[in-house]
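Let me begin by presenting the structure, written as structure tokens, before commenting on it.
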Amino acid sequence: MASSEGDEVAVTVRFVGPSRPASLSLPPVMKVGDLQKRIASERNLPSDRLKLVLHGKTLHDKKNADSVEDATVKLAHGDCLMVAVMPTRPAKHLRGDDSDDDDEELKFEVPQTAGPWKRKVFTFLHHKLRIPDIMLMVIFSISLKAWVCIVLWFLLAPIAQKLDLGPIYIIGTGFLIILLNLGRRQHGELSAYSIFNEDFRELPGTLNAERFDRDIRAGRL
């Protein structure tokens, strides 16, 4: 949430392009990220692609390139804020250059919506332990519930080994993963296996022995 000190101030927001200027009442002190979201919500713009310029200086949502600490901005009555929407980067095969951008594409950044504990974990892993960005992508793509299950599995594994239940423990884990990842069919959707369908209906184009025999008898083959 944006922090505020005192009464709100009136700020004029001018957009680069045909959009008309807007007047917003904003707190005198607020985070740059919150300011981007506020402006984006006013005009239905993508907040992650907004570039803000105040008094000739570009506002960044972080204090510096290597920091995860949010930057703040001080606003006053009558300030004019310039806003530009940065274009999306074209696909690599459309850029027409041979530059190697793999390192830039694999650079991992914590989303602005991430909680403070995630930012602290990212700072520790990235700046202290120097974990590669591709590993950070894998770590942060796994949900907290999944991490709890993984830690619990490793804690129970030695107990299963002492009870001579290691193979059963591993096989049971495999079946549990399969059961938890089974999808749910929508109403009227057919299964790939006709035995699970009403009246044993088959998917169109299914080739089986019965259809193969029917095509031979009909002279289609």
(request) Evaluate the criterion side chain to side chain contact (heavy atoms under 4.5 Å, CB included) for residue pair Gln36 and Val83; output intermediate values, then yes/no. (result) CA-CA 9 Å; Gln36 289 177 326; Val83 179; over 6 Å; no
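Here the CG atom belonging to Leu54 is positioned 11.0 Å from the CE atom belonging to Met82, to the nearest 0.5 angstrom. Taking OG1 from Thr72 and NZ from Lys31, the interatomic distance works out to 9.5 Å, rounded to the nearest 0.5 Å. Between the NZ atom in Lys37 and the CG atom in Leu45 there is a gap of 15.0 Å [rounded to 0.5 Å]. How far CE of Met30 is from CG of Leu35: 5.0 Å, rounded to the nearest 0.5 Å. For the atom pair Arg14 CZ and Ser23 OG, the distance stands at 10.5 Å (nearest 0.5 Å).
Of all the heavy atoms in Ala40 and Pro46, the pair that sits closest is CB-C, 4.4 Å. The shortest non-hydrogen separation linking Glu8 to Pro27 is CG-N, 4.2 Å. What you find for Asp213 and Arg217 is that their closest heavy atoms are OD2-NE, 2.8 Å.
Scored by the salt bridge (charged side-chain N to carboxylate O under 4.0 Å, His left out) test, Arg130 finds no partners at all (sequence neighbours excluded).
Evaluated for a side-chain contact (heavy atoms from CB on, under 4.5 Å) with Leu81, the options Leu26, Leu75, Leu59, Leu24 yield exactly one hit, Leu59.
Note: the hydrophobic cluster containing Phe122 also contains Leu129 (ILVMFWY, side chain heavy atoms under 4.5 Å, direct or indirect links). Following chains of ILVMFWY side-chain contacts shorter than 4.5 Å, one cannot reach Leu176 starting from Leu165, and the two form parts of different hydrophobic clusters. In the hydrophobic clustering of this structure, Leu125 groups with Met135; members are Ile, Leu, Val, Met, Phe, Trp, Tyr whose side-chain heavy atoms approach within less than 4.5 Å, directly or through other members.
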Let me have the donor-acceptor pairs involving side chains of residues 146-163, under 3.5 Å, with sequence neighbours excluded, atom names and distances please.
from	atom 1	to	atom 2	distance (Å)
Trp147	NE1	Ile139	O	3.1
Trp153	NE1	Thr173	OG1	2.8

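Other residues, nucleotides and ligands contribute more than 12 heavy atoms inside 6.0 Å of the CZ atom of Arg38.
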